[in-house]
Participant: 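Quick one: the structure is below, questions incoming.
A, B, ... follow the sequence lines: proteins, then strands. Residue 1 opens every chain. It should be emphasised that the depicted structure is a prediction, and the values quoted were computed from it without experimental measurement.
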Protein chains: 2
Amino acid sequence: MRDTETAEGLRTHGYKLTPQRLAVARVLLEASQHLTAAEVLGRGQEIYPQLGLTTVYRTLELLTELGFVRRVHLEKGCHAYAQAREREGHHLVCQVCHRVADFPCTGLGELIEETAKRTGFAVEFHLLELVGLCPACQ
Amino acid sequence: MRDTETAEGLRTHGYKLTPQRLAVARVLLEASQHLTAAEVLGRGQEIYPQLGLTTVYRTLELLTELGFVRRVHLEKGCHAYAQAREREGHHLVCQVCHRVADFPCTGLGELIEETAKRTGFAVEFHLLELVGLCPACQ
DNA sequence: CTGCGTGCAAAAGCTTTGCATTCAT
DNA sequence: ATGAATGCAAAGCTTTTGCACGCAG
């Protein structure tokens with residue numbers, strides 16, 4: 001169970017373990033898609049009905065800081081969150097249905113390393129988005 | 001001069017050539033950075049003082065549709081626009097000063113092609129963002 | 001001339017903040 | 001017991017919409 005990992009993270013950083021925080025964390029954990037704050041609220045309330053939107057925002061910010069959550073950028077409306085499975089974001093975004101799929105990506109590492117070396121940039125993480133049409137929408 | 005190109009595009013699509021539209025187009029053309037709508041307004045007013053924010057939004061939307069402008073996604077605040085120089089977006093984003101630099105990127109094409117083939121996705125354009133610390137902020 | 005494009009003001013979202021209350025520790 | 005966390009309501013932003021006027025074609 002990965003719940004424990006987030007809980008652990010909160011505890012070791014001195015944050016309190018509240019049902020609200022656990023609910024938000026679990027929602028993202030179980031989501032296969034990126035979620036907006038409002039969506040997180042909806043799903044979170046299925047777990048903990050009293051959950052409020054303010055807390056969702058605060059928790060998302062907190063979890064992002066701790067590295068458990070990552071902000072994701074979409075064409076429209078822009079603001080979505082997803083669990084940070086890895087320090088990488090590889091997304092296939094469909095322009096029609098707006099579905100987002102992850103894909104494994106090899107060979108990108110060297111390319112990034114090389115760029116980092118050439119520019120003097122210390123790269124912490126990267127985001128590769130391929131935008132186009134998914135098989136179903138073509 | 002590239003102004004002409006945008007003007008041409010507007011004309012051929014049946015849109016009127018107004019000083020407001022030309023001002024917005026020129027601002028993006030001359031910007032080396034991504035700009036928010038408010039920033040576009042500010043710079044646009046140096047060219048055409050009566051320019052209004054509403055028009056900026058409408059023009060950005062129009063130019064995006066025509067493919068002259070591309071929405072860019074940043075960590076915070078998210079909404080920025082840039083001229084669509086190429087069908088590619090390669091950005092180095094600094095976490096501290098939020099400056100964005102473009103970088104030339106080679107070898108990515110094959111990688112994308114391969115992914116497209118494997119997933120059945122028709123990739124129209126891509127966005128590669130490297131987030132980290134720029135030389136000045138390290 | 002004609003209707004597209006503009007600007008203002010108002011509306012609509014989304015996100016953040018202030019503050020009293022509640023709760024994890 | 002005590003300060004951190006929460007939820008509500010209100011404020012703040014950014015973006016969109018309605019409408020009368022003005023200008024490009």
Participant: Could you please name the option among D:dT15, D:dA24, C:dT15 that lies closest to any side-chain atom of A:Y57?
Facilitator: C:dT15

Participant: What does the B/S/- profile of nucleotides 1-9 of chain D look like, 5' to 3', with a 4.0 Å heavy-atom cutoff to protein?
Facilitator: --BSSBBBB

Participant: Using five base pairs at each end to define the local axes, how bent is the helix from C:dC1-D:dG25 to C:dT25-D:dA1, to the nearest 10°?
Facilitator: 40°

Participant: I'd like to check the side chain to side chain donor-acceptor pair (under 3.5 Å) partners of A:E65; sequence neighbours left out, ordered by chain and number.
Facilitator: none

Participant: For B:L22 and C:dG5, give me the distance from atom CG to atom C1', rounded to whole Å.
Facilitator: 13 Å

Participant: Without placing hydrogens or testing angles, list every side-chain donor-acceptor pair under 3.5 Å for residues 15-24 of chain B, not counting sequence neighbours.
Facilitator:
from  : atom 1 : to    : atom 2 : distance (Å)
B:T18 : OG1    : B:R21 : N      : 3.2
B:R21 : NH1    : B:K16 : O      : 2.8

Participant: For A:Q45, enumerate each residue passing the side chain to side chain contact (heavy atoms under 4.5 Å, CB included) test, keeping only those at least two apart in sequence or located in another chain.
Facilitator: A:L41, A:L51

Participant: Donor-acceptor pair, B:E114 side chain versus B:L111 backbone, under 3.5 Å?
Facilitator: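 Judged by distance alone, no pair lies under 3.5 Å.
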
Participant: Mark yes or no for whether B:E30, through its side chain, and B:V27, through its backbone, hold a donor-acceptor pair below 3.5 Å.
Facilitator: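 No, the answer is negative, given that no donor and acceptor are paired below the 3.5 Å cut-off.
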
Participant: Is it the case that atom CD in A:Q50 sees more than 12 heavy atoms from other parts of the structure closer than 6.0 Å?
Facilitator: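 Counting other residues, nucleotides and ligands, CD of A:Q50 exceeds 12 neighbours.
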
Participant: Work out which heavy atom in A:G120 is nearest to a heavy atom in B:P135; give both atom names and the distance.
Facilitator: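 Minimum heavy-atom contact is O-CG, 3.5 Å.
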
Participant: Atom CG of B:L41 and atom P of D:dT14: how far apart are they, to the nearest Å?
Facilitator: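 Going from B:L41 (CG) to D:dT14 (P), I get 12 Å.
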
Participant: Using the side chain to side chain contact (heavy atoms under 4.5 Å, CB included) criterion, which residues pair with B:T119? Sequence neighbours excluded.
Facilitator: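 Side chain to side chain contact (heavy atoms under 4.5 Å, CB included) list for B:T119, sorted by chain: A:L92, B:T115, B:F121.
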
